[in-house]
2 protein chains.
Amino acid sequence: MTSVPEVIWNRPARASRGPAPSLTRQEIAAAAVRLADAEGLEDLSMRGLAADLGVGAASLYRYVESKDELIELMADAVMGSDMRIRAGRDWRSHLRSYARALRAMIQKHPWMVVEGAGRTSLGPNTAATFERVLRGLDGLGVGIDDMLTMVETVDAFTRGRALEEIGDRDAIRRSGLDNDAWMRQQAPYVRELVESGRYPLLSRVIIDAEAPHDPDRLETAFRRGLELVLDGLASMLPERPNRAS
Amino acid sequence: MTSVPEVIWNRPARASRGPAPSLTRQEIAAAAVRLADAEGLEDLSMRGLAADLGVGAASLYRYVESKDELIELMADAVMGSDMRIRAGRDWRSHLRSYARALRAMIQKHPWMVVEGAGRTSLGPNTAATFERVLRGLDGLGVGIDDMLTMVETVDAFTRGRALEEIGDRDAIRRSGLDNDAWMRQQAPYVRELVESGRYPLLSRVIIDAEAPHDPDRLETAFRRGLELVLDGLASMLPERPNRAS
DNA sequence: AGTCATTGCGAACACTGTACCCAGTCGTGT
DNA sequence: ACACGACTGGGTACAGTGTTCGCAATGACT
């Protein structure tokens, strides 16, 4: 007779008795996503969210068991609204468009790089997206195990790249400084690193990065890396899918 | 005349005047790493760390400007103690051993998957490691730009995989439940997902995962994926490095 | 020997997530 | 038609957080 040990996706949104809730899970998740995008996930507070929704802080716990559960709701909401991938022509373009959608989604919602990792909380939208991605790899003569590996490899690469790209942006935001002030603070130390002469290759990277460069250099690096990964994945297929024997 | 806008790596560990500090940055970082490994980074508190070190909570702020800066210290300490990679025979084995070291390090210090991402805080150990990895790719006729891409690609893949692997472990830990209780809580919902028939491929993945499987299945998946990535990277080299023309 | 920058740190501040309790609401069973 | 009682909203409270302030004690420099 344990109380209510049930995962949120199996809990009814509305009770059979008593007054109707004044909010929906969708409304709450949407507002929370908006706030997290604007201020960062760690600056999202239950009180702030409640105020934004025009309710008391404690009321949120009528909809959600904990902040972690709220984040599960947010993650699944984003999977529903920002991961509407369409089927690709072949496995390669399919995985490519999955990776690009994933990257675009993470750039819009940076906290998703961590919160959306793994298949821990299989909300309906998360499950549907996963199913759709797998479907693009079905019928190629690849076992479910290897299909999973292919998806996970693309996912890992994309998430990892996003993690690196976001790292700086996030560190700057957390410092409270703006971009220029942050650069000015780092400059003396970085200069010292370069001038010490102990890090010749790192120095080349730094100097290269300081040069006026392609604004979407990161995007280019991602695309190139992705193609390399896809090249590698091709070797998991039994044989050429085009041209019968 | 701003106060002390200097990055921690450029601040002297000891002041020229006044009493000697009773702690060192190394001691603090080491203790913090130990606590974060045991309880998770988000359960690491300044008060808890101070108590562990036998000092007052406010004293830590004589060594570190903020908790974020403490984490920078921790990250660099780990880079020094757990990323002592040795040079490989060729670029491929070099990147492979880097990836494996990175993976092992993250499994030992799960919080490093996020905190160690990007080259934001270039502490001495982080810089040295980075330099060492790049050195293994020098002299192959690849430009610094592409060398960086190669490292970032391996890093992204490894970090991304680690992120996925850690995701579940972390969600379980945060829930406060043990592994069995957590599985028991998820079971009814997952069963419903499968029985709904709407996710045939996802269901195959779930059923496959439930079967008694290789304990180091994740390790195997990582190794295979890594080789695929390395295969892809080979195409960035000008030509075969073995056998002169 | 004296100056005074520096250290350690108790206390306090503005927060946080969340448990508890009570008043008010409304679907349901009689 | 009515009353029961499960339910919702939410004020208050609690234990905890990162961080600041002020002050006494220390000890390296002039």
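Small disclaimer: the values here were computed from a predicted structure and weren't measured.
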Task: By salt bridge (Lys or Arg N to Asp or Glu O under 4.0 Å) - contacts of Arg47(A) (at least two apart) - done: none
Open item on the list: When you measure from the side chain of Tyr98(A) to the backbone of Arg132(A), do you find a donor-acceptor pair of N or O atoms at a distance under 3.5 Å?
Closed with: no
Counting only side-chain nitrogens and oxygens, does [X] get under 4.0 Å of the OP1 or OP2 atom of [N]?
| X | N | value |
| --- | --- | --- |
| Tyr63(A) | dG9(D) | yes |
| Ser22(B) | dG8(C) | yes |
| Ser45(A) | dC15(C) | no |

Task: Shortest non-hydrogen separation from Ala117(B) to Leu163(A) and the atoms involved - done: CB-CG, 3.7 Å
What's the [atom1]-[atom2] distance between [X] and [N], to the nearest Å?
| X | N | atom1 | atom2 | answer |
| --- | --- | --- | --- | --- |
| Met46(B) | dC15(C) | CE | C1' | 16 Å |
| Leu23(B) | dT7(C) | CG | P | 12 Å |
| Glu42(A) | dT16(C) | CD | P | 13 Å |
| Leu53(A) | dT8(D) | CG | P | 16 Å |
| Arg14(A) | dA6(D) | CZ | C1' | 12 Å |
| Tyr61(B) | dT20(D) | OH | P | 7 Å |
| Leu60(A) | dT16(C) | CG | P | 13 Å |
| Arg174(B) | dG17(C) | CZ | C1' | 14 Å |

What's the closest nucleotide to the side chain of [X] if the choices are [options]?
| X | options | value |
| --- | --- | --- |
| Pro19(A) | dG24(C), dT7(C), dG18(D) | dG24(C) |
| Ala58(B) | dA11(C), dC20(C), dG24(C) | dA11(C) |
| Ser59(B) | dG8(C), dT18(C), dT6(C) | dG8(C) |

Task: Neighbour count above 12 (heavy atom, 6.0 Å) for Arg198(A) CZ - done: no
TODO: Would you indicate what Leu44(B) reaches in the nucleic acid, counting non-hydrogen atoms under 4.0 angstrom: base, sugar-phosphate, or nothing?
DONE: sugar-phosphate
Open item on the list: Using a 4.0 Å heavy-atom cut-off, does Ala15(A) contact any base of the nucleic acid, only the sugar-phosphate backbone, or nothing at all?
Closed with: sugar-phosphate
Open item on the list: Using only modelled atom types and a 3.5 angstrom limit, is any donor from either the side chain of Arg47(B) or the base of dG16(D) paired with an acceptor on the other?
Closed with: no
Open item on the list: At less than 3.5 Å, do the side-chain atoms of Arg17(A) and the base atoms of dG5(D) form a donor-acceptor pair?
Closed with: no
TODO: Assign each of Gly56(B) and Ala57(A) to its nearest nucleotide of DNA chain C by heavy atoms, then name whichever residue's nucleotide is nearer the 5' end.
DONE: Gly56(B)
TODO: With salt bridge (Lys or Arg N to Asp or Glu O under 4.0 Å) as the test, would you mind laying out the steps for Asp208(A) and Arg204(A) before giving the verdict?
DONE: CA-CA 6 Å; Asp208(A) 219 60; Arg204(A) 278 168 63 191; over 6 Å; no
Open item on the list: Here's a test of your reading of the structure: between Arg62(A) and Asp43(B), which maps to the more 5' nucleotide of DNA chain D?
Closed with: Arg62(A)
